[in-house]
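Written out below as structure tokens is the structure these notes cover.
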Amino acid sequence: GQYGDQGYDGQMIDPNMTAGADGNKGPAHNEDLDQYIVKDEAHKKYRCGICGNISHKSRSNIRNHIESKHFPGRFQYACNLCPVVVQTKTALFVHKSAYHAPKHL
């Protein structure tokens with residue numbers, strides 16, 4: 001089944017049919033994105049349950065895809081080192097790597 005141990009059954013999730021805790025369509029919290037990740041046991045990968053266009057061994061890569069492609073701008077991530085606010089966890093990681101990583105000579 002879609003979420004069970006038998007693997008991916010090919011059915012996609014319509015994100016417009018799911019409601020967040022606040023009653024709005026879509027996930028209310030960034031942790032809610034996990035509901036759209038489908039485990040494909042047959043291929044030992046994870047797949048986007050919304051579009052099915054991406055699969056990867058890394059669950060976090062699928063989560064990043066779902067956040068940036070299917071719910072752009074839904075969440076905000078503030079840098080704890082400067083006033084910058086970005087739209088995805090990946091963007092925050094890239095920002096911190098570029099602007100706050102230790103400089104090596």
Minimum heavy-atom separation for Lys44 and Lys57, please, with both atom names.
O-CG, 4.1 Å

Considering the options Asn61, Asp40, Asn64, which one meets the side-chain hydrogen bond (donor to acceptor under 3.5 Å, both in side chains) requirement together with His56?
Asn61

Qualifying residues under side chain to side chain contact (heavy atoms under 4.5 Å, CB included), relative to Lys96, sequence neighbours excluded
Cys79, Asn80, Leu92, His100

Over all atoms of both residues, closest heavy-atom pair of Ile37 and Tyr46:
CG2-CD2, 3.8 Å

Determine, stepwise, if the pair Val84 / Tyr99 fulfils side chain to side chain contact (heavy atoms under 4.5 Å, CB included).
CA-CA 11 Å; Val84 167; Tyr99 294 100; over 6 Å; no

Which atom names give the shortest non-hydrogen contact between Ile62 and Cys48, and what distance separates them?
CG2-N, 3.8 Å

Would you say the side chains of Ser58 and Ser60 form a donor-acceptor pair under 3.5 Å?
yes

Within this structure, what is the CZ-CG distance for the pair Arg74 and Leu33, rounded to the nearest 0.5 Å?
9.5 Å

So how far is it from Ile50 CD1 to Phe71 CZ, rounded to the nearest 0.5 Å?
4.0 Å

Here the pair of heavy atoms bringing Tyr36 nearest to Ile66 is O-CD1, 3.5 Å

As an exercise, state the distance from OG of Ser68 to CZ of Arg63, rounded to the nearest 0.5 Å.
10.5 Å

Find the distance between OG1 (Thr88) and OH (Tyr77) and round it off to the nearest 0.5 Å.
7.5 Å

Run Thr90 and Glu67 through side chain to side chain contact (heavy atoms under 4.5 Å, CB included) and show every step you take.
CA-CA 9 Å; Thr90 301; Glu67 181 177 31; 5.7 Å; no

Under 3.5 Å donor-acceptor, Arg47 side chain and Val38 backbone
no

What is the distance from atom NE2 of His65 to atom CG of Asn53, rounded to the nearest 0.5 Å?
6.5 Å

